[in-house]
Amino acid sequence: MRMIVRGARLLRGEGRTEGRTAGRTGGRFDVEVGEDGRIARVVPFDDQKEPPATGTLIEAHGALLSAPFVEPHIHLDTALTAGEPRPNASGTLWEGIARWSERKRTLTREDVIARATEVLRWQAAQGVLHVRTHCDTTDPSLTALDALLELRDRVRDFMTLQIVAFPQEGIVSFPDGEALLREAVRRGADVVGAIPHFEDTREDGVASLGIALALAEEHGLRVDAHCDEIDDDQSRFVEVLATLALRSGLRERVTASHTTAMGSYGGAYSFKLQRLLARSGINLVSNPFANLNLQGRFDAYPKRRGLTQVKEMLAAGVNVAFGHDDVMDPWNALGTANPLQTALVGLYAAQLTGADEIPEAFSMVTDRAAHVLGLDASEYGIAEGSPASFVLLPAETPTEAIRRQVRPRYVVSRGSVLAETPPAPTWLNWPPEGWGSGPTEVDFSRP
Ligand code: 17E
Ligand code: FE2
């Protein structure tokens, strides 16, 4: 035995392969990890039983053991460039793209690798072991793409990195946009991107989606388009993307990211769209930090909140995940790539605040995000035979993990401890007992 995690709480249904219910916790279990770095056995915890003498022992004391966090949408190429060469003064998507376009001219391999590596370190430390990053291909040198491809190989043994060839300034409207996208795929991008609402005309937008889907089919790749990221109720490319996904058979291999225009659609069109998206099998990724920041900038009051229809699409049976999007770049000056922060902000923005809805927000940065990346049981989940990759959270439930914004006590990747965060208690000198009676610990848990 390489490792044993004793007495961990699992999400209900985990440890078995079927019958999981999102976000609810079941009993306590021992998770045994074999020499191959996979989960060998999951057995009910017996506190009378002696722990094995060999291998790494982690005593969970009833803490929640979850499959690792999954980041379905980040931009590692632009990360940590906020203010370079100058800030995004208007706070719009459009100025962000213009500022990035200036910064892009100064990219070097070393610059991209240094910034992206730093953010991957932040993610690993917080238990994010699967990452889908967009990478701008509207750069004739494809410097960022080559750097991220190199990084994907460097981290391959402990993190999976999916790279989306993302044509930030267009496929049809940018000079050689299509050729650059094809070249990015040829060099090894995992996913084909698009940005139809940024193309010059509606027809260009439709054409760009046709090109992206055809390219994905040709190379057996997935699709993830920035789609309808605009407060314009006339921006309706998601219906085109869903229809292409349905008719091509690519279905759940296709994701529409942002889709903030859905926040401006009326009831009749929304109903039609819910039905179409559910039938198409496509995924949605909502990015609450970026879009709460960028959307509504052209509105007086009432001012739109800038999110897709998260609650409604979940209710319609569409898979929706939450992404972080930017970390300190022209579109968001802040961020630490913390998935529980994404879940917290996302659940407030989407009003997923009911007792049954809060755990759903946890699944939107774990299982639902894993579905976006196409991770199956051989790569993701707590079950016998799955990789021993998981996070031990100092909380008993997903709701508590989100409420207290905990950091994983341990992050384990393929049977090895990748990150450890020892508890850091806060001591309070609480007056009612009188000063001098000695401090008591405050940990924000409910009595
Ligand atoms: N590019 C884009 O088109 N939209 C975004 N939200 C970001 C980059 C971050
Ligand atoms: Fe994005």
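Every number for a ligand or one of its atoms is a count from 1 in the order of the listing.
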Chemist: Have a look at ligand 1 and work out which part of L93, if any, has a heavy atom under 4.0 Å from it: side chain, backbone, both or neither.
Modeler: side chain
Chemist: List ligand 1 atoms under 4.0 Å from I195, heavy atoms only on the residue side.
Modeler: 3 (O)
Chemist: Check the pair I230 / W94 against side-chain contact (heavy atoms from CB on, under 4.5 Å), numbers first and verdict last.
Modeler: CA-CA 10 Å; I230 187 169; W94 306 88; 3.9 Å; yes
Chemist: Can you confirm if the NZ or CZ of R403 lies within 45° of the ring axis of F444 and under 6.0 Å from the centre of its six-membered ring?
Modeler: no
Chemist: Relative to the heavy atoms of D326, which atoms of ligand 1 are at a distance of less than 4.0 Å?
Modeler: 7 (C), 9 (C)
Chemist: Could you check D176 against R182 for salt bridge (charged side-chain N to carboxylate O under 4.0 Å, His left out), going step by step and ending with a plain yes or no?
Modeler: CA-CA 10 Å; D176 295 325; R182 287 186 179 280; over 6 Å; no
Chemist: Would you say E229 and ligand 1 have an N/O pair spaced under 3.5 Å apart?
Modeler: yes
Chemist: Compute the angle centred on the Fe ion (ligand 2) spanning NE2 of H226 and NE2 of H73, and express it rounded to 10 degrees.
Modeler: 100°
Chemist: Does NZ or CZ of K272 come closer than 6.0 Å to the centre of the six-membered ring of Y269, within 45° of the ring's axis?
Modeler: no
Chemist: So is H134 in contact with ligand 1, going by heavy-atom distances below 4.0 Å?
Modeler: no
Chemist: Does F166 come within less than 4.0 angstrom of ligand 1, counting non-hydrogen atoms of the residue?
Modeler: yes
Chemist: What class does the angle between the rings of F69 and F362 fall in, given that below 30° is parallel, 30 to 60° is tilted and above 60° is perpendicular?
Modeler: perpendicular
Chemist: Taking the basic N atoms (NZ, or NE/NH1/NH2) and the acidic carboxylate oxygens, is any pair closer than 4.0 Å for R222 and D190?
Modeler: no
Chemist: Measure from NZ or CZ of R304 to the centre of the six-membered ring of F298, then state whether that distance is under 6.0 Å and the direction lies within 45° of the axis.
Modeler: no
Chemist: Restricting to N, O or S atoms of H75, which is nearest to the Fe ion (ligand 2)?
Modeler: NE2
Chemist: Please confirm if an N, O or S atom belonging to D325, backbone or side chain, lies less than 2.8 Å from the Fe ion (ligand 2).
Modeler: yes
Chemist: In this structure, are over 12 heavy atoms from other groups packed under 6.0 Å from R247 atom CZ?
Modeler: no
Chemist: Which atoms from ligand 1 have a heavy atom of Q168 less than 4.0 Å away?
Modeler: 1 (N), 2 (C), 3 (O), 8 (C)
Chemist: Show the atoms of ligand 1 that are less than 4.0 angstrom away from any heavy atom in D325.
Modeler: 5 (C), 6 (N), 9 (C)
